[in-house]
Structures are given as structure tokens and as C-alpha cells.
Amino acid sequence: MQQYRIAILGSGNIGTDLLVKAMRSPHLTCVAFIGRGYTSPGMNKARALGITCSDQSIDYIPEHADEIDLVFDATSAKDHALHAPILKALGKQVIDLTPAKVGPMCVPAVNLDSSLGSSNLNMVTCGGQASIPVAFAIGQTHPEVDYLEVVSSIASKSAGPATRINLDEYIETTEKGLQAFSGAKRTKAILNLNPAVPCIDMQTTIFANVKNPDIEALKRVLDPIVEKIKTYVPGYKILVGPILDGDRIVVMVKVRGRGDYLPEYAGNLDIINCAAIAMAEQFAMNGGN
Amino acid sequence: MQKVTKVLVSDPSLRDGNHAVSHQLSADQIAKYCRAAEKARIPIVEVGHGNGLGASSLQVGLAKTDDDVMLRTARENLVNSKLGIHIIPGFGTIKRDLERARDLGVDVVRVASHCSEADLTERHIRFCRTNGITVFGVLMMSHMISAQLLAEEAKKLENYGAEAVLLMDSAGYYLPSDVTERIGALMDNLSIPVGFHAHNNLGMAIANSVTAMECGATILDGCSRGFGAGAGNAQLEVLVAVLHRMGIETGIDLYGMLDAADMAEQELLKEIPRISSLSVVSGLAGVFSGFSKHVQRLSTEYNIDPRDVFFELGRRRIIAGQEDLIIEVAAEIAASKKEQS
Ligand SMILES: NC(=O)c1ccc[n+]([C@@H]2O[C@H](COP(=O)([O-])OP(=O)(O)OC[C@H]3O[C@@H](n4cnc5c(N)ncnc54)[C@H](OP(=O)(O)O)[C@@H]3O)[C@@H](O)[C@H]2O)c1
């Protein structure tokens, strides 16, 4: 089988965790780890792993265009908006881990097949990957979803500077994703960064106001979806629910990571990175280009 | 340090007070209080959901009055008093919330974060500066990190463009010596005004506010009758009287202030904030005062001792915004109780 060659742009928490995961994949070969400086812990780790590193940012890619099949962008939303047209002009398959939302939104447990045709896939957000499958199940079982709200808490340590500067885009993109996949009339996303030591596990709570809540029907649709997520994010777990608390449906999800770069508490890295790797493997298996 | 002779008083009764009534303040109540505050010449009147703009939610509580109506109502009723709002990045965004606040004529924006997460406020503070809106940075739950770290976080706010930095004792945990240490550290490291926002869980709100002022703080928060989360805030009419007795200028008319407080008691408050046994526990545990209504509701639901819930939340270092975890903690305590019996 021909190698499927990937490059990672962005050398922070997301980029470095993604690198470890890509190296584990039998379908992917990481040919470049690209940042904008050599001093970060991520760069050091990549070098120690023997990966080709560059500090040339997006400029590296046109110069090595025929060595790369797919680019993961793990910089910031603002940077991805600049990178996207360049990568498009080069005809590269792109998986965007920032909340820039340039391309269509992809949540593998829900729309893997229909995502395969897009040259730029947006992986929404960590909170989005954790909650949208639940939101989708709620939408499938309730024709009228008045309101959906998703609250995520992540450990401060796992949120790099790019995540922090992207907070507004996180909220906007998560809300749009929830809306698109559930059909809810209104959606709201909230993100907490918790500095507690020891670090807290990534946790996400989904609240829904629906007409005629049917918990049993929801469970029947949700259970197989959760099994599907677990095939690519083993640490995904429904902690509470679905339950009816007063007139609202509540589901709480916890995601433990594999501890590839940051320790297991950082499920927020795994939930989006595992989804991104799952998609990249699909492209690889489909023969790439 | 120069002796403080003048204090800028900011009144969040219509924002922090919303925590005490589960965010049910009506437009009519807002209008009435704004008129009274205007009459008393209170310099800044803050309105909003307890957690600020964009925070009305199932997580924290749905507001009876939406942000838009709250801001319009306050704007119509404030002339010389400035209209202030509170915003926590993670709840409120620039596009959805700050742009609208700007268009509705907000005068003062206070951008708040958990004490160790100042960098979340950078874009919001810069937005205010670019748009010519007065902006203060706020560090919440400020008892949770050391004085030195607080000073570092406060410095970030100054660098982003904040025109003042306030420390919130969101849990009502401080003793005057804590205030001296922390306000002192900010005074040593910042070149912008420093402020303090007290809660009264351990009966220290006025004493702590005075201590902050004596350490150089020139902005103080207080609420009529203490109307705020948990045991309430520094009781504003008392604070103003104390400051006046100390010869500090506030620009506030004392009779007007007392009238506003009487009016608030009659028209706004469901009950006068008091230091209940539970507030003492919440303060000792260092838990966000805004949690108290949720803890009480869930403890009744699960038939458990709310004091256990507060101490467990404190042990886990749960911060403002993590109301959903109260459900988890309550369920766990209930389960372990069942096991034991
Ligand atoms: N952390 C999470 O939980 C999480 C989850 C899902 C999605 N995300 C998204 O993933 C992205 C990265 O987040 P993060 O937490 O990993 O942040 P981070 O640690 O700050 O990582 C961003 C990295 O990108 C590099 N970078 C920034 N601009 C660049 C450019 N123009 N060219 C090349 N490299 C550039 C930075 O380099 P320097 O080190 O030199 O500054 C940094 O290493 C963000 O968009 C975030 O919203 C994060």
C-alpha cells in the first residue's frame, strides 16, 4: 500500500498530541511537524521522536507540496482563515482542528460518510465533538427541540494560548454545530477552564428542552452512537443520564484521554484528535490522491 | 503610598443581586432602582444576569429579563450615573454581547475571569479599548491563588488595556490580613487603579472593603442592603456612611443612598441577605457564593446535608461556572450515604 503522508501545522497541545496519534496509526506517515519557532515543548518532543520539523509555518507547505497528501491545521482560528486558501490552491486535503469553520463540520460518529467529499473538514471543537452526537440523538428522537445547551469544563493546563484566544470562536462554532446536527431552535455553549490541581478530567453536560421528552427512545438511539464513538475515542463515557431533571433532559459525558502527550485528564485533546485521525485514515484507505 | 481621599463606588445590586433572586429581576424593578441610584448620585450602576452578559442559561439559571431589555431599561433611567456591565469570556462573546452592549450605550465594561485565567480576557478588553468604552479587568475567586500570582495575572490585564483591576472575594473567604496582602501586591505591581468586591460570608465585607481602601484601593463595590449572592456583598449604604465618616469623598448623597436601600428592600429583595449557617460553611470552604441556591435545591432533592456538599465542592476546587458539577457531587454524596446505611 502506498504511504499516506500527513503534515501537522501548529506545534502546541493539539498538534503534539495529534503527532503521537498519527505515529501510532498504521495508515498514516507524518512527514512534517511545523510551527513558527523551535523552542516549544511540542517541537522538542517531535524532534526527539525523529520527525522532520520546521519553523517556517505555512511557507513550508508550498515548498514541499508534492511530499504531503493531507494537512492538519492545529494553529488558531485566525491563522487557519489565512492558511485555508493557500492549502486549497495547492489541492491539499485539509483537516481543520481550529474553530475557524471554513469547511463543513464533521463529527465522525454522525456524518463520517457524507464528510468524505470535502477538501476542508472542520472538526468543530472539543466540546462539540463530545456533545454533538448526543444532540443529534436528541434531535432524531424529538421533532421539536426548543433549546440545547452544552457546558464543557477542561483543565486549564490543556488549553494552550491559541485555545484561549479562540474562546469566542469556540462558542460560536459549537453553537452552530449543535444547531446544525440537532435542529434545535436555539443553542448555547459555555466553556470553563478550571485550574484545579490535580487537573480535572474533561467533562461536558448537555441540557435540552424538548416537547414531549422520551428518555427511552433517546437511549435506544444514543447507545449505538456512543458505541461508535468508543471505537475511535476509547475514553468516552456517559457519566449521568439521559435523565429528566424537571422538564429538561440532562446528559453528562466524561472523556479520558490516552495520555499520549498530556496526561489522561486531557480528554479534550483526544475527543477532537481521535476524530481527526479517524477521518484521515478514511482518506488514506480511500487511496488518497 | 498616598493616602486615599476619594473612592469610586460601583454598585452591582442589579447584577450580583440577581443571584439572590435566581436571576428573576424584572424590567420594572431595574427601572425603579436605577432611578433611585441616579438620585443618590451613585457613580456606576451595574446591571445584568448574575454571571453577566450572555450568561442566562440552564447551567446558571435563566434570567427573567433578557440582556437587551435590562440594558435598555437601565440606559433609559440613568443620566449621570454610569451604566456598567459584567462579562465573563466563556459565557459572553464580543459579537453576540459586547457589540450590542456598545450599541446600547454601556459606559463601563468589567471583563472578568477566574483569578488564574486572565489571558481569556485579552480580546474582550482590547475590543472595549478600541471602541472607546471604559474597561476594568476583574479577577474572580481571588482567594484561590497567592498574592504574587494574583499580581502577575493583574499585570496581564493592565497590559491588555484595562483601566483598573478589581479583586473579587467571590466566596467571602478573606480576612482583613488577606486583603492587605493581596491588594498590597497589586498596588506594588500596577500603575492603574485597584478595586475590591467583597462578600459577607464571614461577616467581614465592610471591614475588608475599608482595609482594601487603606491599602490603596480606590474602587469599591457594594450593594444596597448587601443584595448579592450567598451572604450578600458589602452593604452599600453602610459602606458609604463609613467612608464618609472617615472623610473619604464618594460623591454619593447619603440620604439618597439610604432611600435607595430602603426602596431595594421593599421592591427588589425576596429576603434580606444574612449570614445563614450555610453561608458560613460556604465561606469557610471557599466556594463561589453564587452556588448557594443550587446547593440548597439539590441537597433537598437528594436528601443530604448541604454542608457536606459545600465542603466537598471546596475540596474539589470547583469554580464559578461549574454549576453542573454540583449535581455530580450531590449524587455521589447521596450514593455513599446509601452505602453506609
Ligand atoms: N486544547 C484544546 O482542548 C483544544 C481542543 C479542540 C480544539 N482546539 C483548537 O486547536 C487549536 C490549537 O490549540 P492548542 O490548545 O493546541 O493551542 P497552542 O498550544 O497554543 O497551540 C497552537 C500552536 O500553533 C502554533 N502556531 C500559531 N500560529 C501559527 C502559525 N501561523 N504557523 C505555525 N504555527 C502556528 C503555536 O506556535 P508557538 O508555540 O510558537 O506559539 C502553537 O504551538 C486552537 O485553534 C484550538 O481552538 C483546542
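To find a chain, count down the sequence lines: A is the first, B the second, and so on, and within it residues start at 1.
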With a 4.0 Å cut-off, would you call A/Glu169 and B/Arg123 a salt bridge?
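The answer is yes: the pair qualifies as a salt bridge.
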Decide salt bridge (Lys or Arg N to Asp or Glu O under 4.0 Å) for B/Arg316 and B/Glu328; before the verdict, give the C-alpha distance in whole Å, the side-chain angles of both, and the deciding distance to 0.1 Å.
CA-CA 12 Å; B/Arg316 293 203 194 179; B/Glu328 194 194 325; 3.7 Å; yes
Please classify the contact of [X] with chain A as side chain, backbone, both or neither, using a heavy-atom distance under 4.5 Å.
{"X": "B/Glu323", "answer": "neither"}
{"X": "B/Ser56", "answer": "backbone"}
{"X": "B/Gln322", "answer": "both"}
{"X": "B/Ser57", "answer": "both"}

Can you tell which part of [X] gets under 4.5 Å to a heavy atom of chain B, answering side chain, backbone, both or neither?
{"X": "A/Tyr170", "result": "neither"}
{"X": "A/Arg248", "result": "side chain"}
{"X": "A/Asn194", "result": "both"}
{"X": "A/Ala159", "result": "neither"}
{"X": "A/Leu193", "result": "both"}

Whether the A/Ser76 and A/Asp79 side chains hold a donor-acceptor pair (N or O, under 3.5 Å, no angle test) is what I'd like checked.
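Yes - a donor-acceptor pair under 3.5 Å links their side chains.
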Spatial distance of atom CD1 (B/Ile87) from atom CG (B/Asn51) [nearest 0.5 Å]:
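Spacing of CD1 (B/Ile87) from CG (B/Asn51) equals 11.5 Å.
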Please walk me through it: do B/His199 and B/Asp169 pass side chain to side chain donor-acceptor pair (under 3.5 Å)?
CA-CA 6 Å; B/His199 277 271; B/Asp169 179 17; over 6 Å; no
Quick one: which of A/Val240, A/Val250, A/Ile200, A/Leu191 has the most heavy-atom pairs under 4.5 Å with chain B, could you say?
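Heavy-atom pair counts peak at A/Leu191.
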Against chain A, work out which of B/Ile94, B/Ile88, B/Asp119 has the most heavy-atom pairs shorter than 4.5 Å and name it.
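So the answer, after comparing B/Ile94, B/Ile88, B/Asp119, is B/Asp119.
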Out of B/Ile318, B/Ile327, B/Leu120, return the one with the most heavy atom pairs under 4.5 angstrom to chain A.
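The residue among B/Ile318, B/Ile327, B/Leu120 with the greatest pair count is B/Leu120.
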Determine whether A/Lys185 and A/Asp146 satisfy the following criterion, salt bridge (Lys or Arg N to Asp or Glu O under 4.0 Å), listing intermediate values before the conclusion.
CA-CA 5 Å; A/Lys185 290 190 196 118; A/Asp146 293 322; 2.9 Å; yes
Aromatic contact, B/Phe288 with B/His19 (centres under 6.0 Å):
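When the ring centroids of B/Phe288 and B/His19 are compared, they turn out to be within the sub-6.0 Å range.
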Measure from the side-chain N and O atoms of B/His294 to the backbone N and O of B/Val60, and report whether any donor-acceptor pair falls under 3.5 Å.
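Confirmed, B/His294 side chain pairs with B/Val60 backbone.
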